[in-house]
Amino acid sequence: DGMCEAKAVYNWVRKNVRYAGDIAPIKQGRRGVVEGVDYFAAADRVVQFGAEDCDGHSILNATLLALNGIPAKLRITAPGRFREWSHIYTVAGMPKTAPKKWVALDTTLPGEYFGVEAPHGRVRDFDA
């Protein structure tokens with residue numbers, strides 16, 4: 001069924017793609033903050049690299065869900081109600097033919113947490 005397929009996607013990505021931060025630090029201006037370059041990889045590149053941050057994990061999860069006929073959305077979160085968006089992961093629509101609930105596939109969380117979302121202050125979904 002759809003839930004088993006979604007869990008298989010979750011397990012495959014957890015096993016084959018490790019979490020890695022943004023690719024390289026850069027300094028914003030002469031006295032600016034040092035930040036990572038936010039690189040956005042296509043699903044096939046994520047598999048080739050074998051590592052990505054939450055952006056790449058989300059794209060790969062959404063792609064694999066879609067290939068299995070499961071509706072997917074990308075969910076962004078912020079740690080507080082008035083804080084900036086800081087995390088993204090995929091949610092899968094269940095049942096897959098007429099979704100009534102959305103199940104989290106956050107493959108960047110440590111441990112086995114299929115269907116679990118980290119605490120957040122606000123959330124927004126986008127069709128994948």
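From a predicted model like this one, the values you see are computed outputs, not experimental measurements.
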Q. Crowded around Lys96 NZ? As in, over 12 foreign heavy atoms under 6.0 Å?
A. yes

Q: State the CD-CZ distance between Glu112 and Arg14, to the nearest 0.5 angstrom.
A: 5.0 Å

Q. What's the shortest heavy-atom distance between Met94 and Gly2, and which atoms?
A. CE-O, 3.4 Å

Q.
Looking at Ser58, is its backbone amide N or carbonyl O close enough to the side chain of Thr90 to form a donor-acceptor pair, meaning the two atoms are under 3.5 Å apart?
A. yes

Q. Can you name the residues that form a side chain to side chain contact (heavy atoms under 4.5 Å, CB included) with Val116, not counting sequence neighbours?
A. Tyr113

Q: Give, for atom CG of Asn11 and atom CG of Asn16, the distance between the pair rounded to the nearest 0.5 Å.
A: 10.5 Å

(Q) Could you see if Leu105 belongs to whatever hydrophobic cluster contains Ile59? Use Ile, Leu, Val, Met, Phe, Trp, Tyr and a side-chain cutoff under 4.5 Å. (A) no

Q) How long is the gap from SG on Cys4 to CG on Asn68, to the nearest 0.5 Å? A) 12.0 Å

Q: Provide the closest heavy-atom pair for Leu109 versus Ala118 in the form atom of the first, atom of the second, distance.
A: CD2-CB, 4.1 Å

Q: Return yes when atom CZ of Arg122 has more than 12 non-hydrogen atoms of other residues, nucleotides or ligands closer than 6.0 Å, and no otherwise.
A: yes

**Q.** Ile76-Leu74 co-clustered via ILVMFWY side chain contacts under 4.5 Å
**A.** yes

Q | Under 3.5 Å donor-acceptor, Arg45 side chain and Phe40 backbone | A | no

**Q.** Ala43 versus Thr63, closest heavy-atom pair with distance
**A.** CB-OG1, 3.6 Å

Q: Mind running side chain to side chain contact (heavy atoms under 4.5 Å, CB included) on Val17 and Leu60 for me, showing each step along the way?
A: CA-CA 10 Å; Val17 181; Leu60 179 57; 3.7 Å; yes

Q. Could you give all pairs that pass the ring pair (Phe, Tyr, Trp, His ring centres under 6.0 Å) test and reach residues 89-110, with sequence neighbours left out?
A. His87-Tyr89

(Q) Could you see if Phe114 belongs to whatever hydrophobic cluster contains Leu64? Use Ile, Leu, Val, Met, Phe, Trp, Tyr and a side-chain cutoff under 4.5 Å. (A) yes

Q | For Glu84, all residues meeting side chain to side chain contact (heavy atoms under 4.5 Å, CB included), sequence neighbours excluded | A | none

Q.
With a 4.5 Å cut-off on side-chain heavy-atom distances among I, L, V, M, F, W and Y, is there a chain of contacts connecting Val13 to Val46?
A. yes

Q: Measure across Ser86 and Pro79 and return the closest heavy-atom pair with its distance rounded to 0.1 Å.
A: OG-CD, 3.4 Å

Q: Answer yes if Met3 and Trp12 sit in the same cluster of Ile, Leu, Val, Met, Phe, Trp and Tyr residues linked by side chain heavy atoms under 4.5 Å apart, and no otherwise.
A: yes

Q. What's the spacing between Ile88 CD1 and His57 NE2 if we round to 0.5 Å?
A. 12.5 Å

Q: State the CD1-CD distance between Ile70 and Glu5, to the nearest 0.5 angstrom.
A: 5.0 Å

Q | Reported OH-to-CG distance for the pair Tyr10 and Asn61, which is rounded to 0.5 angstrom | A | 9.5 Å

Q.
For Asp55, is there any backbone N or O sitting under 3.5 Å from a side-chain donor or acceptor partner on Asp53?
A. yes

